[in-house]
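All remarks here apply to the structure that follows.
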Amino acid sequence: MSIQLTAKTAAINSMRIALKLVANDQTSLAPAQNADDIFAAIKPCSLAQVIGESAIDLEIDVSSLDAGIDNLATASQQTLSFSDYFAQAIAHIEQQHTVLLSHPAIPYRVLMMPAIVAAKHRCHPHAYLTGLGEADDMQCAMQSALAQAKREHITPTLVDVTELTCYKDKFTQLVMLISRIAARRLPDSKMPTVTSDNSHAISGADANSLKQSNSNQANAKYWFTKMHQNRVASFNFTENGKQHAAVFVQGTELAQASSMLDENRLFFPLAADTSACMTQSLLELLAALNTLNQQQSNQLDNQQLQNKPRHVISLMLNYLKTFDQTKPLSAVIMANSVVTAIAEIEAMLAKISTASDDTSGSINELEYKTPSGSCLTITQHEALGRSGVCFVYPGVGTVYPQMFAQLPQYFPALFAQLERDGDVKAMLQADCIYAENAKTSDMSLGELAIAGVGASYILTKVLTEHFAIKPHFAMGYSMGEASMWASLNVWKTPHNMIEATQTNSIFTSDISGRLDCVRQAWQLEQGEDIVWNSFVVRAAPTEIEAVLADYPRAYLAIIQGDTCVLAGCEQSCKALLKQIGKRGISANRVTAMHTTPAMLIRDNVQAFYQQPLHEQDVIAPFASQIKFISAASQLPINLTSEAIAASIADTFCQPLDFTQLVNNARQLGASLFVEIGADRQTTTLIDKISRTSEIVQTCQAISVNAKGDDQTALLKCIAQLITHKAPISLDYLIATLSSLLTTTLAAEKRSNHHTDNMLAPQLEGEQS
């Protein structure tokens, strides 16, 4: 007989039900890293498996439930509904039992247990079921469920499956929601339906639907929440003329980090003692890849063709594990396929041959890199990365819509830590950056500044914590100097500055908005308009300085290589440019930083940035390892709150000579400049400055990020750091690629047993 949902859910008022996705046969399936593979295995959880062995298995009988959808006579005889299985499970859980909710056609099962049982076993749940509601209309059902969950004040994310009639599809979408919660990725408000004729064959249309679903899963947006607020979703469905809502809250388990490398993104590091040895290593890799390519081309050998992803991943993993960065020479081959990797190697071999001395075969100097990211550096001098790595923090205005959209899936633990430390949504100004049709031109100076610091903070953590890269120097372009102190663990509570930046008059009205400091400097009445603009002009600073006195409302704000930034009264700036015969590119940004009027608020800026520092035991390693360089001083900055604030204030308010800053950093020993921020504002500038500088020492500038592909840009940066011999750890790439190999092996094992459901993203084992 039917168990009424409303009669058996009172226990949920006093307990949270922990939910853990587990697998049938100790291995579960998930979408592969690309849309061409439907399934891949996830890492099993031994604790959940042990608990699940004694659980009560409530299997949804698809033969009876789903058969009734197309048979009204059978449907009238149904005694159990999808919602009844919730009720059955809760009835058992009320007795402190554990339950497995499953469907025979779906390889995931939902392990349900009282939260206290999960805590006792240190089993981290993917989510919690905290409320259930049933009513004649959905709004009432949701309110009832939220009241049970004690979340009446929350507006949950809605997952609407009310149009689904197939029980299997409902269960699949439930599994998908739990996995999205674990992955911290926003679920679709309306989940798509995927059905097929049976659980062992997938039709062409269904396969395309699955691929599209997997693609949507990979591209799903990060699920931002308010500070210290868990993610809450309402799973809404309809049965027997009633509306049902189930409220789910995030658990403590995280999705497993996706691998940045796969069979479509190849990364082979090579090390050698001499250029001749490097040639031999490249030839060996070329032979291995040619073998794989021949297997792929052999259409008669279906087994070898099927196993190609495994072979490519295994080969790549072997090269990562055996890479010896202590050898004098390093190279990296990057490509998007075996075929293009072969072409990359052949091109590098040709370059080595051309650069070799005809008699000895040796190479004195070679700097080689391709658009795909492959690179090789040979030098007779000290490698740039050994003692000259300089982190460069860009200024305001470099952020762009949808930036870093890919990073959370590769670094889920990092984003979870950021959430524990502060407000990630505010840090990245998510409402502006990730909005539909977002435009950074609509963002205020304060919003741009906050998002810029947030971007630099995250990329710093990626490089220093996941790849163990430690800079020898650090500097900032304009407001990037503040990003430097916030990102490199000098300021103790940088998150506390977010709200202050949004509300302080420095950013809202003094040097932006109403431009009150300009108004004061120009002695304007309150009602007088200021038409302010800035222009990037290709000119020597001496050309502008020669006539600047004739235009008291125009300012030479920034000197940066072969260009300058002219700011001030738009009419005055245009007149000055016309006089010197130069054309300026309008920035259309209202900010009086680096101009004379900004000096009126210098003391306010210093007070704003006088922030508490970490304790000496935290800062001491930085003081001995990193030289912090400022545009306001020829010498590195002392690590005191007062000295740091004064340095930022001087940089903020005085004209910025970025050319001088770069040359000063080089004289102090910086040689490999790594831009730590959104896009690549300073990388091109540093390259130009170095080409015209009188300093003879070689230097290079590389960026960590570029618009369009976070993953490729980061890997290209890592590749160049490797070839320039910067000390680096590849453990992160090895660990995530090893996990992908495991999933690939399981996917190949089950290749003849595809099921017709949409599945969750990869989920990791226990964190405890």
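If you're wondering where the values come from, they're calculated on a predicted model, not measured in any experiment. Note: hydrogens, waters and symmetry copies are ignored here, and every other heavy atom, side chains too, is used.
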Aromatic ring centroids of F473 and F391 under 6.0 Å?
no
Are F628 and W485, when compared by the centres of their aromatic rings, separated by less than 6.0 Å?
yes
Among C717, C390, P471, the one residue meeting side-chain contact (heavy atoms from CB on, under 4.5 Å) with V674
C717
side-chain contact (heavy atoms from CB on, under 4.5 Å) partner of V392, chosen from T683, T682, I702:
T682
How long is the straight-line distance from [atom2] of [Y] back to [atom1] of [X], given to the nearest 0.5 Å?
X    : Y    : atom1 : atom2 : answer
L639 : I626 : CG    : CD1   : 9.0 Å
I458 : S487 : CD1   : OG    : 9.5 Å
K425 : L428 : NZ    : CG    : 12.0 Å
Q280 : L286 : CD    : CG    : 11.0 Å
K327 : F323 : NZ    : CZ    : 10.0 Å
T225 : D423 : OG1   : CG    : 8.0 Å

With distance as the sole test, does [X] use its side chain to make a donor-acceptor pair with the main-chain N or O of [Y] at under 3.5 Å?
X    : Y    : value
Q429 : A426 : yes
S693 : I695 : yes
Q250 : N230 : no
Q610 : A645 : no
T340 : S337 : yes
Q611 : A486 : no
Q681 : T398 : no
E263 : V312 : no
S739 : A735 : no
S330 : T723 : no

Kindly indicate whether the side chain of [X], heavy atoms from C-beta on, has any atom under 4.5 Å from the side chain of [Y].
X    : Y    : result
I352 : Y368 : no
R666 : S690 : yes
V618 : N489 : yes
L270 : V332 : no
P408 : R185 : yes
S456 : P394 : yes
L661 : I629 : yes
F415 : Y410 : no

One pair to check against side-chain contact (heavy atoms from CB on, under 4.5 Å): L266 and M334. What are the steps and the verdict?
CA-CA 5 Å; L266 309 183; M334 283 183 62; over 6 Å; no
Could you report the tightest heavy-atom contact between [X] and [Y], atom names first, then the distance?
X    : Y    : answer
L329 : S275 : CD1-N, 3.5 Å
P412 : L254 : O-CD1, 4.1 Å
P494 : Y457 : CG-CE1, 4.2 Å
K716 : P371 : NZ-O, 2.6 Å
I181 : G251 : CG2-N, 4.4 Å
Y609 : A482 : CE2-CB, 3.8 Å

Decide side-chain hydrogen bond (donor to acceptor under 3.5 Å, both in side chains) for Q667 and N663; before the verdict, give the C-alpha distance in whole Å, the side-chain angles of both, and the deciding distance to 0.1 Å.
CA-CA 6 Å; Q667 288 172 342; N663 288 334; over 6 Å; no
Mind jotting down which residue pairs meet the side chain to side chain donor-acceptor pair (under 3.5 Å) criterion with at least one end in residues 460-480? Sequence neighbours excluded, please.
Y393-T460, Y477-Q560, S478-H594
Are R231 and Y222 in a cation-pi contact, defined as NZ or CZ under 6.0 Å from the six-membered ring centre and within 45° of the axis?
yes
Examine the side chains of [X] and [Y] and answer whether a donor and an acceptor come within less than 3.5 Å of each other.
X    : Y    : result
Q660 : N664 : no
N638 : T640 : no
T712 : R265 : yes
S671 : Q700 : no
H381 : Q697 : no

Going through the checks in order, is the side-chain contact (heavy atoms from CB on, under 4.5 Å) test met by F267 and L737?
CA-CA 11 Å; F267 189 98; L737 191 60; over 6 Å; no
Determine, stepwise, if the pair K20 / E253 fulfils side-chain contact (heavy atoms from CB on, under 4.5 Å).
CA-CA 9 Å; K20 183 81 173 179; E253 184 64 292; 3.0 Å; yes
Under a 4.0 Å N-O cut-off, is there an ion pair linking K492 with E615?
yes
Can you check side-chain contact (heavy atoms from CB on, under 4.5 Å) on M427 and I450, steps first, answer last?
CA-CA 6 Å; M427 178 195 301; I450 294 166; 5.5 Å; no
side-chain hydrogen bond (donor to acceptor under 3.5 Å, both in side chains) between S374 and E344: does it pass, once the steps are laid out?
CA-CA 7 Å; S374 299; E344 291 284 307; 2.6 Å; yes
Under the side-chain hydrogen bond (donor to acceptor under 3.5 Å, both in side chains) criterion, do N705 and D710 qualify, and how do the steps go?
CA-CA 6 Å; N705 182 253; D710 306 324; 3.1 Å; yes
Parallel, tilted or perpendicular: which fits the ring planes of F467 and Y732, with parallel below 30° and perpendicular above 60°?
perpendicular
